[in-house]
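Every chain is numbered from 1, with letters handed out A, B, ... down the list of sequences.
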Amino acid sequence: MQTENTLIQALTAAFQAQFGVEVAPAEITLQPTKKEFAGHYTLVVFPFVKLTKKSPEETARLLGEYLAQHMPEVAGFNVVKGFLNLELAAQVWLGQLAAILQNPQFGQVTPHGRRVMVEYSSPNTNKPLHLGHLRNNFLGFSVANLMAANGYQVMKTQVVNDRGIHICKSMLAYQRFGQGETPEAKDLKGDHLVGDYYVIFDKAYKKEVEQLVAEYQAADPTADPEKLKEKAAKNAPLMQAAQTMLRQWEEGDPEVLALWRTMNQWVYSGFNATYQAMGVNFDKVYYESETYLLGKKIVDEGLARGLFFRKPDGSVWVDLTSDGLDQKLILRADGTSVYITQDFGLADEKYADFPMEQSVYVVGNEQDYHFKVLKLVVNKLGRPYAAGIYHLSYGMVELPTGRMKSREGTVVDADDLMAEMVEIARQKTQELGKIEELTPVEAQQLYHQLALGALKYYLLRVDPKKNMTFNPEESIDFQGDTGTYIQYTHARTAAIGRRAAAEQVPTDPSSFGAVATLAPAESELLQWLSQYPKKIQQAGSELAPSVMASYAYEVARAYGRFFHDLSIFNEPDPARRSLRVALSAATGQVLRQALELLGIAAPERM
RNA sequence: GGCCCCAUAGCUCAACGGAUAGAGCAACUGCCUUCUAAGCAGUAGGUUACAGGUUCGAGUCCUGUUGGGGUCACCA
């Protein structure tokens, strides 16, 4: 990137010298030259021909000539139509290589103290995590890493949705049918146990509703079936009982609270195991049971300031029609707060805990509207954090048959999926038989790293905005454009490093400084490596792990060609041998860090 | 119905407004007595949903149409 800036500076001088025109550095962007053309960096001159008053070819030629004459870094240039392709001297690339190796933090932005909070995961405590949560967690964790690499002080949080009618449903089913079961006794993860009772509730409840509908229908055969169903859904004894339980919970009924604590504890220990397997973590956890009342103060504030209004039934609303949205309920007629009200309160709470410039919410795109409202309202309330709110909205993970539905049992469970992937990684690794020297514990760790690497990359390489399809029939690949491939490439660089250390090949810059020309595979690899700082910045500003994923893949490909085309230890020239070992080391360094930003482990051998 | 998102090779996905739209998978073909073949190289596969427009230049921006998804709950 340093080189790029130097070139841009030189280009402004070239515009001045050749055409007498001022062009600001910000207006000049260089792009890597496409493979099919000679050169390393390309300037598109079309935007400047109005200023230079020459043809695109002439403009490019004059700029190229100036650079070639005045810049020792520029070894040559060629012009194709309006494209000026610049070729850099070998010394520039060798300098880049030295810079990478001498700086273990290469590419990272020095800390500047600005703060960002990243909220992700945010599960309900009534069922285990599924594939959608995996996408969420991997995204959130990676975004947090990317922000840290961009110099931010990062606070990772999750908001646990631990109260509400859904929890009461599980509790009720357990109370009725549980017979004192525990996760330990049943040898089942707590979150799965509680989830099972949620399903049991749902089944029993459905049966009740059907029965009621039949009764209603018998009593009044002419009634609208839809209306009857609605009525039955409300009146079913199980639903009534769940509502009652929710009220008891809010009133602090000791028995209900005790059951609630016990079952939530089961869920948390289950979640913790899942988070550990996923390799994600949090700096602070917010529990909705502790924050859900906070929003009420804000309701009062909004009413006092005339931003909200009260309807005759006592409910409180905010009118957003002038912003192109609807009227939105803020407080129920019975005085209880709704989802968004809790989020107002929580937003204040978060800012009080950690005054941040940016606040990223990693939440599915079905809540786009919710976050639009949230941001709008806190902005109207004049909150300092309002402008920094960013909803990182991601699409659903769908099955070939459509959306996952817990009611239909088509949910892909996170624990199951990870376990399956580990098993496939184990089989595959043992078939290849390259890791005999690993202990059983190390081998098991490797299978896990490979499984999670494949899974994470699979979910992160896609643009978050888009819905994606997951086909359980076809297992996630370990070949081609995959996390495995990048891990494999890293392991290869590590193997080179081990042998180089054994043979005591020097790799300090002076050992390869005498190399005068670079092979294409060498300079192409170096060019990719030198892009790393720019990619970190891009991925950070776009909050896009996919940028880092495809970058890592490109580096791995460039190394694959390099590794295949050129021999390292059979190279007779010691300087060139050192260069290639150094290139391997630099590649390993960049890949390891890029993978780390994605939350993917980089094994030393596989 | 209003609003939001999406549509690119058989499949899964890429492509700061820039050159002949790229990868992987699947199919076919080569390459392991030499550093990790989970690799490398090649063949084949495209009217970028459709119609207009803006621009020196459009998969990308604008308008419309079609198709898919989401959302518009006193659920969270």
Participant: Tell me which nucleotide among C35(B), A76(B), A37(B) gets nearest to the side chain of Arg492(A).
Facilitator: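 For Arg492(A), the side-chain atoms sit closest to A37(B).
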
Participant: Quick one, Arg461(A) with Asp481(A), criterion side chain to side chain contact (heavy atoms under 4.5 Å, CB included). Give me CA distance, side-chain angles, the key distance, then yes/no.
Facilitator: CA-CA 9 Å; Arg461(A) 63 189 271 261; Asp481(A) 184 2; 3.5 Å; yes

Participant: Nearest 0.5 Å please: distance from the CD atom of Gln367(A) over to the CG atom of Asp343(A).
Facilitator: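 Reported value, rounded in 0.5 Å steps: 8.0 Å.
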
Participant: Measure the NZ-CD1 distance between Lys127(A) and Ile167(A) for me, rounded to the nearest 0.5 Å.
Facilitator: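 If we round to the nearest 0.5 Å, Lys127(A):NZ and Ile167(A):CD1 are 10.0 Å apart.
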
Participant: Mind checking Thr336(A) for me? I need base, sugar-phosphate or nothing, with any heavy atom below 4.0 Å counting as a touch.
Facilitator: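 No contact.
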
Participant: For the atom pair OG1 (Thr336(A)) and CD (Gln342(A)), what is the distance rounded to the nearest 0.5 Å?
Facilitator: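 Atom-to-atom, Thr336(A):OG1 and Gln342(A):CD are 9.5 Å apart.
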
Participant: Go nucleotide by nucleotide along RNA chain B from the 5' end; which of Gln327(A) and Phe37(A) gets its closest nucleotide reached first?
Facilitator: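 Looking at RNA chain B, the more 5' nearest nucleotide goes with Phe37(A).
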
Participant: Is the distance between the ring centroids of Tyr485(A) and Tyr553(A) under 6.0 Å?
Facilitator: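 That pair passes the under 6.0 Å test.
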
Participant: Under the criterion side chain to side chain donor-acceptor pair (under 3.5 Å), I'd like the reasoning laid out for Glu423(A) against Gln427(A): C-alpha separation, chi angles, the key distance, then a yes or no.
Facilitator: CA-CA 6 Å; Glu423(A) 176 54 22; Gln427(A) 278 172 20; 3.1 Å; yes

Participant: Heavy atoms only, 4.0 Å cut-off, all strands: where does Lys428(A) land among base, sugar-phosphate and nothing?
Facilitator: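 Base contact.
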
Participant: Answer yes or no: side-chain N or O of Asn85(A) and base N or O of A19(B) forming a donor-acceptor pair under 3.5 Å.
Facilitator: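 Checked by distance alone, the answer is yes.
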
Participant: As an exercise, state the distance from CH2 of Trp249(A) to CZ of Arg163(A), rounded to the nearest 0.5 Å.
Facilitator: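 Nearest 0.5 Å value for the CH2-CZ distance: 5.5 Å.
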
Participant: Looking at every strand, decide which applies to Val462(A) at a 4.0 Å heavy-atom threshold: base, sugar-phosphate, or nothing.
Facilitator: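 Sugar-phosphate, no base atom in range.
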
Participant: Within the structure shown, what part of the strands sits under 4.0 Å from Pro56(A) by heavy-atom distance: base, sugar-phosphate, or nothing?
Facilitator: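 Nothing, no nucleic acid heavy atom in range.
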
Participant: Begin with the C-alpha distance, continue with both residues' side-chain angles, and end with the deciding distance and a verdict on side chain to side chain contact (heavy atoms under 4.5 Å, CB included) for Met245(A) and Lys169(A).
Facilitator: CA-CA 9 Å; Met245(A) 192 178 247; Lys169(A) 290 177 182 176; over 6 Å; no

Participant: For Asp463(A) and U12(B), give me the distance from atom CG to atom C1', rounded to whole Å.
Facilitator: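 These atoms are roughly 14 Å apart.
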
Participant: Rounding to the closest angstrom, what is the interatomic distance between U43(B) and C25(B) at atom P?
Facilitator: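 Each nucleotide's P atom is 16 Å from the other's.
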
Participant: Could you tell me the separation between the CG atom of Asn126(A) and the C1' atom of C75(B), rounded to a whole number of Å?
Facilitator: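 These atoms are roughly 12 Å apart.
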
Participant: For G46(B) versus A37(B), give the span between their P atoms, rounded off to a whole number of Å.
Facilitator: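 Looking at atom P only, G46(B) and A37(B) are 34 Å apart.
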
Participant: Expressed as a whole number of angstroms, how long is the span from Glu57(A):CD to C56(B):C1'?
Facilitator: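 Taking CD of Glu57(A) and C1' of C56(B), I get 11 Å after rounding.
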
Participant: In whole Å, what separates the P atom of C28(B) from that of G17(B)?
Facilitator: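 Per the computed distance, 39 Å lies between those P atoms.
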
Participant: Atom CG of Leu376(A) to atom C1' of C3(B): distance rounded to whole Å?
Facilitator: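 My rounded result for the distance is 14 Å.
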
Participant: Please classify the glycosidic conformation of C28(B) as syn (within 90° of 0) or anti (everything else).
Facilitator: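 Glycosidic conformation of C28(B): anti.
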
Participant: What is the separation between atom OH on Tyr339(A) and atom P on A76(B), rounded to the nearest whole Å?
Facilitator: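 Those two atoms, OH and P, are 10 Å apart.
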
Participant: Look at the side-chain N and O atoms of Lys466(A) and state whether any lies under 4.0 Å from the OP1 or OP2 oxygen of A14(B).
Facilitator: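 Yes.
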
Participant: Taking ring-ring contact (aromatic ring centres under 6.0 Å, His included) as the criterion, tell me which of Tyr390(A), Tyr361(A), Tyr339(A) meets it with Phe371(A).
Facilitator: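 The passing option is Tyr361(A).
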
Participant: Less than 3.5 Å between a donor and an acceptor, one on the side chain of Ser550(A) and one on the base of A15(B), is that the case here?
Facilitator: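 Counting by modelled atom types and ignoring angles, no donor-acceptor contact under 3.5 Å is found here.
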
Participant: Would you say Arg580(A) reaches C35(B)'s phosphate, i.e. side-chain N/O to OP1/OP2 under 4.0 Å?
Facilitator: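 Answer no for this pair, as no side-chain N or O of Arg580(A) is under 4.0 Å from OP1 or OP2.
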
Participant: Decide whether a cation-pi geometry holds between Lys328(A) and Trp317(A); the criteria are a distance under 6.0 Å from NZ or CZ to the six-membered ring centre and an angle within 45° of the ring axis.
Facilitator: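 Judged by the rule, Lys328(A) and Trp317(A) form no cation-pi pair.
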
Participant: Reckon Gly164(A) touches a base, only the sugar-phosphate, or nothing at all at heavy-atom distances under 4.0 Å?
Facilitator: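 The residue Gly164(A) makes no contact with any strand.
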
Participant: Between C13(B) and A26(B), how far is it from one C1' atom to the other, in whole Å?
Facilitator: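 The answer is 14 Å between these two C1' atoms.
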
Participant: Decide whether a cation-pi geometry holds between Arg577(A) and Phe569(A); the criteria are a distance under 6.0 Å from NZ or CZ to the six-membered ring centre and an angle within 45° of the ring axis.
Facilitator: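 No, Arg577(A) does not lie over the aromatic ring of Phe569(A).
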
Participant: Starting at the 5' end of RNA chain B and moving along, which residue's nearest nucleotide shows up first, Ser315(A) or Leu84(A)?
Facilitator: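 This one resolves to Leu84(A).
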
Participant: If you look at every strand shown and take non-hydrogen atoms under 4.0 Å, does Leu566(A) touch a base, only sugar-phosphate, or nothing?
Facilitator: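 Base contact.
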
Participant: Just to be sure I understand the rule, does Gln31(A) reach a base, reach only the sugar-phosphate, or reach nothing, if contact means heavy atoms closer than 4.0 Å?
Facilitator: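 Counting heavy atoms under 4.0 Å across all strands, the contact made by Gln31(A) includes a base.
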
Participant: If we take the C1' atom in both G53(B) and A15(B), what is their distance in whole Å?
Facilitator: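 That atom pair is separated by 24 Å.
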
Participant: Would you measure the distance from the C1' atom in C72(B) across to the matching atom in U47(B) and give it in whole Å?
Facilitator: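 To the nearest whole Å, 38 Å.
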
Participant: When the distance from CZ of Phe563(A) to P of G39(B) is rounded to whole Å, what number comes out?
Facilitator: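 Taking CZ of Phe563(A) and P of G39(B), I get 13 Å after rounding.
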
Participant: Convert the base pairs of RNA chain B into dot-bracket notation, remembering that pairs crossing earlier ones are written with [ ] and that bases paired across to another strand are shown as |; include only Watson-Crick or G-U pairs under 3.5 Å.
Facilitator: (((((((..((((....[...)))).(((((.......))))).....(((((..]....))))))))))))....

Participant: Between Thr33(A) and His40(A), is there a donor-acceptor pair closer than 3.5 Å when you use the side chain of the first and the backbone of the second?
Facilitator: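 Yes: the side chain of Thr33(A) pairs with the backbone of His40(A).
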
Participant: Within the 4.0 Å heavy-atom criterion, would you say Leu325(A) contacts the bases, only the backbone, or no part of the nucleic acid?
Facilitator: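 Counting heavy atoms under 4.0 Å across all strands, no contact is made by Leu325(A).
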
Participant: Find the distance between NE2 (His166(A)) and CG (Asp202(A)) and round it off to the nearest 0.5 Å.
Facilitator: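 Spacing of NE2 (His166(A)) from CG (Asp202(A)) equals 13.5 Å.
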
Participant: Show, in sequence, the C-alpha distance, side-chain angles and deciding distance for Glu604(A) and His490(A), and conclude whether the side chain to side chain contact (heavy atoms under 4.5 Å, CB included) test is met.
Facilitator: CA-CA 7 Å; Glu604(A) 292 292 305; His490(A) 172 265; 3.6 Å; yes

Participant: Using the rule for Phe, Tyr, His and the six-membered ring of Trp, do Phe46(A) and G57(B) stack at under 5.5 Å and under 30°?
Facilitator: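 It does not: the two rings, one from Phe46(A) and one from G57(B), miss the stacking criterion.
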
Participant: Using the P atom in both, what is the distance from C5(B) to U48(B), to the nearest Å?
Facilitator: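 About 23 Å, rounded to a whole number of Å.
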
Participant: Taking atom P of C5(B) as reference, at what distance in whole Å does atom NE2 of His391(A) sit?
Facilitator: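 After rounding, the gap between these two atoms is 13 Å.
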
Participant: Please state the C1' separation for the pair U29(B) and C35(B) - nearest whole angstrom.
Facilitator: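 Result for the C1' pair: 27 Å, nearest Å.
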
Participant: Rounded off to whole Å, could you give me the CE-to-P distance for the Met468(A) and C6(B) pair?
Facilitator: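 So the two atoms are 16 Å apart, to the nearest Å.
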
Participant: Using a cut-off of 4.0 Å on non-hydrogen atoms, how would the nucleic acid contact of Glu604(A) be classed: base, sugar-phosphate, or nothing?
Facilitator: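 Base, at least one base heavy atom under 4.0 Å.
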
Participant: Each nucleotide N or O in nucleotides 21-25 of chain B that has a protein N or O under 3.5 Å away: list the pair and distance.
Facilitator:
from, atom 1, to, atom 2, distance (Å)
A23(B), O2', Tyr553(A), OH, 2.9
G24(B), O2', Asp481(A), N, 3.3

Participant: Protein-nucleotides 68-70 of chain B N/O pairs closer than 3.5 Å?
Facilitator:
from, atom 1, to, atom 2, distance (Å)
G70(B), OP1, Arg403(A), NH1, 3.4

Participant: Begin from the C-alpha positions of Leu417(A) and Leu134(A) and carry the test side chain to side chain contact (heavy atoms under 4.5 Å, CB included) through to its verdict.
Facilitator: CA-CA 10 Å; Leu417(A) 180 57; Leu134(A) 290 179; 3.9 Å; yes

